[in-house]
Peer 1: 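Next up is a structure, given as structure tokens.
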2 protein chains.
Amino acid sequence: MSATPTSRSAPRRATITDVAREAGTGKTSISRYLNGEMSALSPELRARIEAAIERLDYQPNQMARGLKRGRNRLIGMLLADLTNPYTVEVLQGVEAACHALGLMPLICHAANEVEMERRYLQLLTTYRVEGVIVNALGVREETLRPVGGGGIPAVLVDRSVDGLVADIVGLDNRAAAELGTRHLLERGFRDIWFVVQPFEQVSSRRLREAAFRETMRAQAGARTQAGSGGADGDGGVARGHTLVLNLADAAQTEESLAEPDRAIEAANVTTATKAKEAVDAAGHPAGAPGNASRVAVFAANAPVALRLALHLKARYGAAWQTRVALLSIDDPDWAELTGITTIRQPTYDIGYRAVEFLHERIEGVQTSARDCLLPGELMVRASTAS
Amino acid sequence: MSATPTSRSAPRRATITDVAREAGTGKTSISRYLNGEMSALSPELRARIEAAIERLDYQPNQMARGLKRGRNRLIGMLLADLTNPYTVEVLQGVEAACHALGLMPLICHAANEVEMERRYLQLLTTYRVEGVIVNALGVREETLRPVGGGGIPAVLVDRSVDGLVADIVGLDNRAAAELGTRHLLERGFRDIWFVVQPFEQVSSRRLREAAFRETMRAQAGARTQAGSGGADGDGGVARGHTLVLNLADAAQTEESLAEPDRAIEAANVTTATKAKEAVDAAGHPAGAPGNASRVAVFAANAPVALRLALHLKARYGAAWQTRVALLSIDDPDWAELTGITTIRQPTYDIGYRAVEFLHERIEGVQTSARDCLLPGELMVRASTAS
DNA sequence: CTGTTAGCGCGTTCAA
DNA sequence: TTGAACGCGCTAACAG
């Protein structure tokens, strides 16, 4: 007497066969209707089908379709760290592009664990995604397809993978790091620390660090040639340092920070009074005159910048910015709030382009591996005021 | 003479049939091997299968499996706003739980657009996910299954959906808002603004606002009864206001903020000198003595708090915290950095529990709808110093 | 224009 | 212990 004999709930969704029966026709016509081949259907049949679908609340099973045609419109999106605002922003672009291209992104978050990344990559191939966008962690996998080779089509975001020839889209790291470094030099800083996470494995970090050093070296060369104490009237050749911060280990991080701390404290002893006078009521540094003796810290990305800011605040109090200038690649929420200068990445575009590239590969485009390097934008704020 | 006749790339993955042939057996045995029914396989056959799989780098097709068994281990995760750190944190918990339960989350980001949400929900059912976790925006959908009814199993996160009886897990909003309000009262604030996004549609916002008002009312009652200017020695009854901020519209937001601004400026005129004296060199408020005349702003969540902080900083300069105290539900990165007091949500647990609930439903648990309300944790920082 | 047939890759009877 | 045959829901050839 009960409605359905099926134990409980889940009233088993209608299938194409059900619809065919309901509409009094064959499955083929339904399939044609679903795929928009309207020209091959009499208006009358079409109406009946429409009605049947409506009545049964029918929704085609993507899995089955995928199985048959060999493509499921799924792409994998492998993310190293969702905690990084950069990642979320890139994701926006990815979603928009997927939407536009009729793709469905499977988002996988490796949470900075190489093992997770490996597992997810395997899972993705198991679901037969048509391609993957990889913000790599440690993929050395053969799983990924080198342009034109076997494996699954992949495009890289932000970081390249050693030995893998593939499309890559991301920030123009060299230009960005140079932009930041030059900005600091122009603003008169003479003691600059580039702070970055362990960068052997991550190409973008490597490139940024290299560009920083190169720019510092070039500057030093120019100064030396022009003779020390040149026409600029500032403190002469600037000194650059690279500091590696292993954020995964809090204790180690704190230890590493002792070095720049010494520099900061030394600098502030020298010019303590000068600096204090230069500070306006708002708690911001007054600028150039003091910058020659103020130390500048250049964070390679937002997570590093955050860690630095927290440390500096804890050590030097709320007015820490009067003693240190902080500049960062990436432009997180709190940058505006705390007034630090940043280099904003075109994150949305990065994500969008990545999907476009992948889509082309999936459709069989055969060009050789492409690099899409997008420029960063310098957002000057109070921290590096001149 | 070329390796494969197939046009290019994509060397078509091995299927179960290939493996069977390679191992010199039938598909059934392979299937059994894959499903761990080892007891039904002779060690010898097992070894051959193992080898064949290895050799062909075979990976079972989840889609096909799902089609056959009627379950694909996929669950949908519908997110209202990935930009909100809350969301990302919940996601961590979700991922961990999925990992543990052998589920694969399909993450969909509605980016605060109701239309997107609707589309994704439809897409998810199209992929036949076994259930969904919904951080709802405006779902009024019949798509979701009310506990024990038709539709697809769902558990709600943070927000309930009008008219939908379902499991829900999230912050204990009433307790949290009361906790925050009480904290402000205890710290001597007598002019408190609760700031929240339009809350008709979002249950958590509604609850928080109601609890705020209730707590303020209770306090006022107590004061009045005890006679004004009671033994506490502070300014007597505190006034509470609710301000609605539509973050989607910048101009409107700015306009709305004029009201509290007037209050802030009035309060500071009255006690300008007192306040200034009370401020220490670090730029932090000295505490209670000044709090009776300082206004406090209670943000209903992190996005609101950020907007407020940006506005206040723009209007009152870097030392804005000497004029206003900011308290927020949610505990974003920058809270520690800027020293504002917050109520941290047990985000990881929320995500984890949500998946557990969903998993149970999928497995057919039949209890009535459950509410899982987790407590928030007050993180006292300098902004509400006493 | 329409229906019939044969798989896609896999799990599951059911016999052997 | 093993394998053959059937069908999950759908699309694509091929007839009518």
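Every heavy atom of this structure was used, including side-chain atoms; hydrogens, water molecules and symmetry mates were not. Chain A is the first sequence line, chain B the second, and so forth, proteins listed ahead of strands; every chain is numbered from 1.
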Peer 1: Measure CG/B:Asn72 against C1'/D:dG9 and give the value in whole Å, please.
Peer 2: 13 Å

Peer 1: Tell me: CG of A:Leu67 to P of D:dG7, nearest whole Å?
Peer 2: 17 Å

Peer 1: Mind calculating the distance between CE (B:Met63) and C1' (D:dG7) to the nearest angstrom?
Peer 2: 20 Å

Peer 1: Is A:Arg13 reaching over with its side chain to a backbone N or O of A:Asp57, donor-acceptor style, under 3.5 angstrom?
Peer 2: yes

Peer 1: Locate the shortest heavy-atom distance separating B:Asp371 from B:Ile168; write the atom from each residue and the value.
Peer 2: OD1-CG2, 3.2 Å

Peer 1: Ignoring hydrogens and angles, answer whether the base of C:dT12 and the side-chain atoms of B:Thr28 contain a donor-acceptor pair closer than 3.5 Å.
Peer 2: yes

Peer 1: Can you check the B:Ile49 CD1 to D:dT1 C1' distance for me, whole Å?
Peer 2: 11 Å

Peer 1: Please pick, from D:dC8, C:dG3, D:dT1, the nucleotide with the shortest atom-to-atom distance to any side-chain atom of A:Leu45.
Peer 2: C:dG3

Peer 1: Please report, rounded to the nearest Å, how far the P atom of D:dC8 is from the CZ atom of B:Arg128.
Peer 2: 14 Å

Peer 1: Heavy atoms only, 4.0 Å cut-off, all strands: where does B:Ser31 land among base, sugar-phosphate and nothing?
Peer 2: base

Peer 1: Rounding to an integer number of Å, can you tell me how far B:Arg21 CZ sits from D:dT2 P?
Peer 2: 20 Å

Peer 1: Just compare C:dT2, C:dG9, C:dA6 and give me whichever is closest to any side-chain atom of A:Ala40.
Peer 2: C:dT2

Peer 1: Between B:Arg65 and C:dC10, is there a side-chain N or O to OP1/OP2 distance below 4.0 Å?
Peer 2: no

Peer 1: DNA chain D: A:Ala64 or B:Ser39, which has the more 5' nearest nucleotide?
Peer 2: B:Ser39

Peer 1: Per the atom types in the model, does the base of C:dG3 pair as donor or acceptor with the side chain of A:Arg32 at under 3.5 Å?
Peer 2: yes

Peer 1: Distance under 6.0 Å and angle within 45° of the ring axis: does B:Arg46 meet both against B:Tyr33?
Peer 2: no

Peer 1: Does B:Thr17 have a side-chain nitrogen or oxygen under 4.0 Å from the phosphate oxygens OP1 or OP2 of C:dG9?
Peer 2: no

Peer 1: Can a donor-acceptor pair be found between the side chains of A:Asp158 and A:Ser204 at a distance below 3.5 Å?
Peer 2: yes

Peer 1: If you look at every heavy atom in B:Arg32 and B:Ala40, which pair is closest and at what distance?
Peer 2: CD-CB, 4.3 Å

Peer 1: If you find the nucleotide of DNA chain C closest to A:Arg46 and the one closest to B:Gln59, which residue's nucleotide is nearer the 5' end?
Peer 2: A:Arg46

Peer 1: Taking atom types as they are modelled, is there a donor-acceptor pair under 3.5 Å from the base of C:dG9 to the side chain of B:Arg13?
Peer 2: no

Peer 1: For C:dC8, does either OP1 or OP2 sit under 4.0 Å from a side-chain N or O belonging to B:Thr15?
Peer 2: no

Peer 1: Looking at every strand, decide which applies to A:Leu41 at a 4.0 Å heavy-atom threshold: base, sugar-phosphate, or nothing.
Peer 2: sugar-phosphate

Peer 1: To the nearest angstrom, how far is A:Arg48 atom CZ from C:dC1 atom P?
Peer 2: 15 Å

Peer 1: Could you please name the option among D:dC10, C:dG3, D:dT11 that lies closest to any side-chain atom of A:Asn35?
Peer 2: D:dT11

Peer 1: Please evaluate the base of D:dG7 for a donor-acceptor partner in the side chain of B:Lys68 within a cut-off of under 3.5 Å?
Peer 2: yes

Peer 1: C:dC8 P sits how many Å from B:Asp18 CG, rounded?
Peer 2: 11 Å

Peer 1: Between A:Glu363 and A:Arg71 (salt bridge meaning N to carboxylate O under 4.0 Å), is one present in this structure?
Peer 2: yes

Peer 1: Taking OP1 and OP2 of D:dC10, is either one under 4.0 Å from a side-chain nitrogen or oxygen of A:Tyr33?
Peer 2: no

Peer 1: Looking at every strand, decide which applies to A:Ile30 at a 4.0 Å heavy-atom threshold: base, sugar-phosphate, or nothing.
Peer 2: nothing

